[in-house]
Structures are given as C-alpha cells and as structure tokens.
Amino acid sequence: MRKPPFHKSVGNAIRGVIWMLKSERNFQLEVLALLINLFLIVFFKLNTVDAAIILVVCFSVLSMEILNTCVEKICDIIQPEFDEVIKIIKDIAAASVVLMAFASVAVGVLVYWKYIF
C-alpha cells in the first residue's frame, strides 16, 4: 500500500483533531485549558522558555487524550460487550492522561508562580 502524499496525511490528521473536538468532552476541556494558557502566556509576558514549557505540556495532554481515545475505540471494536480485561486496558490508557494532566498542573504552578508572586 502506497503512503498518501504529505498534504493528504496532514488533512487526515486535521480531520482527526476536528473529530476529537466535536466528539470528546475531555478533549474540549483540555483545548479550553490550552486557550487559557495562551492568554496567560501573553498576559504575563512569559519568556520564550517558560512559554515553550507550557505549550509542550498542554499539547502533551492533548496528545495523550487522543491516544487514550484510540485505545478505547479499538477496545470497543475488539470487545463490544463488557469485559474485565478490556476495562483494565481502558483504565490504564486513561491513567496516562491523568498522570500527564497532573504533571501539567505541577509545571503550570512552577512556571506561573514567579509571574504571579
């Protein structure tokens, strides 16, 4: 199977992001957090390194949410009925998002602390 041209791959990825925005409440909330952080970056005039750190953790949370959704969708195809093993797999995937979210809050406190106080 031939790989699609680069512009089609980018288009597919953008469609995936749009699907996530339309379909996944947690992703919507995390995008809202990104927008708030973009405002705070401008409001507090963060230096380049601090802004980059904030953006990296924001996009890491979004990426983890996308991967979590992929795992859940694949599990739903493999086993549409309730299954204890599938539940564990989904819980583990969700845990990755929660851990990244906790890390992003910690990074946010460490970065914004010096601008607020």
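Quick note: residue numbers are just sequence positions, from 1. What you see is a predicted model, and the numbers here were worked out from it, not measured in a lab.
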Atom NZ in Lys73, atom OG in Ser23: separation rounded to 0.5 Å? 7.0 Å

Other residues, nucleotides and ligands only: do more than 12 of their heavy atoms fall within 6.0 Å of NZ on Lys114? yes

Tell me the closest heavy-atom pair linking Lys90 and Glu72, and the distance in Å. CE-O, 3.8 Å

Check the hydrophobic clustering (I, L, V, M, F, W, Y; side-chain heavy atoms under 4.5 Å; chains of links allowed) and say if Val31 and Phe59 are grouped together. yes

Do side-chain atoms of Ser96 reach the backbone of Ala93 as a donor and acceptor pair under 3.5 angstrom? yes

Rounded to the nearest 0.5 Å, what separation is found between the CD1 atom of Ile18 and the CG atom of Leu21? 7.5 Å

Quick one: are Phe82 and Glu84 in side-chain contact, heavy atoms under 4.5 Å? yes

Atom pair CD (Glu30) and CD1 (Ile66), whose distance is rounded to the nearest 0.5 Å: 9.5 Å

How about Asp50 and Tyr115: does a side-chain donor come under 3.5 Å of a side-chain acceptor? yes

Sole residue of Asn26, Val17, Leu34 in side chain to side chain contact (heavy atoms under 4.5 Å, CB included) with Leu62: Leu34

Return yes if some donor-acceptor pair links the side-chain N/O of Asn68 with the main-chain N/O of Val97 below 3.5 Å, else return no. no

Euclidean distance, Ser60 OG relative to Leu99 CG, rounded to 0.5 Å: 13.0 Å

Just say parallel, tilted or perpendicular for the rings of Phe117 and Trp113, cut-offs at 30° and 60°. tilted

Joint hydrophobic cluster, Leu32 plus Val61, side-chain heavy atoms closer than 4.5 Å: yes

Rounded at 0.5 Å granularity, tell me how far CZ in Arg25 sits from CD in Glu65. 9.5 Å

Is there a path of hydrophobic side-chain contacts, each under 4.5 Å between heavy atoms of I, L, V, M, F, W or Y residues, that connects Val42 with Ile116? no

I'd like to know if Asp83 and Lys87 make a salt bridge, using a cut-off of under 4.0 Å between side-chain N and carboxylate O. no

According to a 4.5 Å side-chain heavy-atom criterion applied to Ile, Leu, Val, Met, Phe, Trp and Tyr, with indirect links allowed, do Leu67 and Phe102 form part of one hydrophobic cluster? no

Where Ile41 and Ala51 come nearest, the two heavy atoms and their spacing: CG2-CB, 3.9 Å

If I take atom CD1 from residue Ile54 and atom OG from residue Ser104, how far apart are they, to the nearest 0.5 angstrom? 8.5 Å

Quick one: do Val111 and Ile36 end up in the same hydrophobic cluster if we chain Ile, Leu, Val, Met, Phe, Trp and Tyr together by side-chain heavy atoms under 4.5 Å apart? yes

